[in-house]
Amino acid sequence: MIQARGITKSFGDVDVLRGIDLDIRSNEITAITGASGAGKTTLLQILGTLHTPDSGTLQIGDQQVETLQGKALAAFRNQRIGFIFQFHRLLPEFSALENVLMPAWILGADGSREKDRGERLLRDLGLGDRMHHSPNQLSGGEQQRVAAARALMNEPDVVLADEPTGNLDSGNADSLFELFEELRDREGQTFVVVTHNNRMAQRGNHQLTLADGRLV
């Protein structure tokens, strides 16, 4: 699903990533752990095409990412990659359903098929009676489930999750990871999860550790 080779990234005179070689297989959960400042988020942002590496190559599915620029890269990102962030990043002026539909709207898709999919995702995530609530009317766990539904809206090749359980209590953290496992098993979804939570990381198909800018 993802193949990265020789990925490096520096900020000023700080070498954050020092030659990352990484293979992410389809239909699996890959967890990436490491100390704060190890470069986990930087790596995830490069895999998500939000940052450009200083050197190296990145292939997602059949697409060599470095050949894309501008609008073509943005369109690829929106259609092929889903993101789940620690603090949800839901738009407060929109309902849960509208937040889920946002990636489809960005693609210019605003029909009944998209609305049906958004509603089905929220129902599947136990939010069928909450889809017209605004984010501030939802609990932290519910907001994170809305974020998960939004990440899945465009049927992406891979979902990248950056500390998705970091702002949740243990019960909601367990529920969210169970959701990832269910989506992997039921829909064949691929996840890359950056986490400090070693207990959660051990539940993935693979666990990688980032240290001193390298995977160990």
Side-chain angles (χ1 to χ4, degrees), residues 1-2 24 26-31 44 47-50 60-61 74-168 171-195 200 203-205:
M1 175 59 70
I2 297 179
I24 302 295
S26 299
N27 315 134
E28 294 185 343
I29 299 172
T30 298
L44 201 70
L47 297 180
T49 76
L50 296 171
I60 300 176
F76 173 83
R77 181 189 307 124
N78 187 46
Q79 191 166 9
R80 305 279 294 274
I81 304 171
F83 295 93
I84 303 175
F85 303 99
Q86 178 177 350
F87 294 104
H88 323 308
R89 297 191 185 179
L90 301 178
L91 299 174
E93 65 270 29
F94 292 94
S95 69
L97 178 59
E98 289 167 335
N99 269 280
V100 171
L101 290 172
M102 198 63 64
W105 291 349
I106 291 171
L107 284 179
D110 187 19
S112 60
R113 177 184 177 276
E114 288 73 31
K115 185 172 183 290
D116 289 347
R117 175 168 172 76
E119 291 176 348
R120 180 175 65 81
L121 284 168
L122 288 172
R123 285 194 299 270
D124 287 349
L125 299 182
L127 295 170
D129 61 344
R130 309 289 278 169
M131 63 178 66
H132 299 297
H133 288 62
S134 62
N136 63 11
Q137 295 174 307
L138 304 174
S139 69
E142 288 172 334
Q143 290 182 55
Q144 196 62 298
R145 284 177 171 257
V146 173
R150 179 183 59 189
L152 294 164
M153 181 63 214
N154 286 344
E155 302 178 76
D157 294 340
V158 61
V159 172
L160 307 179
D162 190 6
E163 297 287 358
T165 63
N167 202 36
L168 300 177
N172 278 315
D174 281 331
S175 294
L176 184 66
F177 212 90
E178 286 168 7
L179 169 65
F180 292 171
E181 293 169 330
E182 178 184 345
L183 292 169
R184 174 199 61 194
D185 297 339
R186 188 184 71 203
E187 298 191 12
Q189 186 64 61
T190 303
F191 290 90
V192 180
V193 182
V194 160
T195 181
M200 293 296 165
R203 292 172 59 172
N205 298 94

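All values derive from a computational prediction rather than experimental measurement. Computed over heavy atoms, backbone and side chain alike; hydrogens, waters and symmetry mates excluded.
Taking all atoms of both residues into account, the shortest heavy-atom contact from Ala149 to Leu121 is O-CD1, 3.6 Å. Considering all non-hydrogen atoms of both residues, Ala96 and Leu138 come closest at CB-CD1, 4.2 Å. A pairwise comparison of heavy atoms in Gln143 and Leu90 identifies O-CD1, 3.7 Å as the closest pair. Nearest heavy-atom pair, Arg117 versus Met153, reported as atom, atom and distance to 0.1 Å: NE-O, 2.8 Å. Minimum interatomic distance between Pro156 and Ala151 (heavy atoms only, all atoms of both residues): CG-O, 3.2 Å. When all heavy atoms of Ile2 and Ile60 are compared, the pair lying nearest together is CG1-CG1, 4.3 Å.
Side-chain contact check for Leu101 versus Phe94: every heavy-atom pair is 4.5 Å or farther apart. The shortest distance between side-chain heavy atoms of Phe180 and Val159 does not fall below 4.5 Å. Looking at Ile81 and Asp157, their side chains never come closer than 4.5 Å, going by heavy atoms from C-beta outward. Counting only heavy atoms from C-beta outward, the side chains of Val193 and Pro164 approach each other to under 4.5 Å. You'll find the side chain of Leu160 stays beyond 4.5 Å of the side chain of Ile84, heavy atoms only.
Between the side chain of Asp162 and the backbone N or O of Phe85 there is no donor-acceptor pair closer than 3.5 Å. Remark: side-chain polar atoms of Glu114 are not paired, donor with acceptor, to backbone N or O of Ala104 under 3.5 angstrom. Judged by distance alone, the side chain of Ser95 and the main-chain N or O of His133 form no donor-acceptor pair under 3.5 Å. In this structure a side-chain-to-backbone donor-acceptor pair under 3.5 Å is present from Asn154 to Asn78.
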### From CA spacing to verdict: salt bridge (charged side-chain N to carboxylate O under 4.0 Å, His left out), Glu178, Arg145
CA-CA 11 Å; Glu178 286 168 7; Arg145 284 177 171 257; over 6 Å; no
### Message
Run the side chain to side chain donor-acceptor pair (under 3.5 Å) test on Ser134 and Gln137 for me, step by step, so that the C-alpha distance in whole Å, both residues' side-chain angles and the decisive distance to 0.1 Å come before the verdict.
### Response
CA-CA 5 Å; Ser134 62; Gln137 295 174 307; 3.2 Å; yes
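For Arg89, the CZ atom is loosely surrounded, since the number of other residues' heavy atoms within 6.0 Å does not exceed 12. Within 6.0 Å of CD on Gln79 lie no more than 12 heavy atoms contributed by other residues, nucleotides or ligands.
How far CZ of Arg130 is from CG of Leu97: 14.0 Å, rounded to the nearest 0.5 Å. Rounded to the nearest 0.5 Å, atoms CD (Gln144) and CG (Leu179) are 10.0 Å apart. Taken to the nearest 0.5 Å, the CG atom of Leu127 stands 13.0 Å off from the CD atom of Glu119. In this structure, the separation between CZ on Phe83 and CZ on Arg77 is 6.5 Å, given to the nearest 0.5 Å. The structure places CG of Asp116 at 8.0 Å from CZ of Arg123, a figure rounded to the nearest 0.5 Å. Atom CG of residue Leu122 and atom CZ of residue Arg150 lie 11.5 Å apart, to the nearest 0.5 angstrom.
Applying the salt bridge (charged side-chain N to carboxylate O under 4.0 Å, His left out) criterion to Arg186, with sequence neighbours excluded, gives Asp124, Glu182. Residues satisfying the salt bridge (charged side-chain N to carboxylate O under 4.0 Å, His left out) criterion with Arg203, sequence neighbours excluded, are Asp174, Glu181.
With no hydrogens or angles considered, a side-chain donor-acceptor pair links Arg184 and Asn205 at under 3.5 Å.
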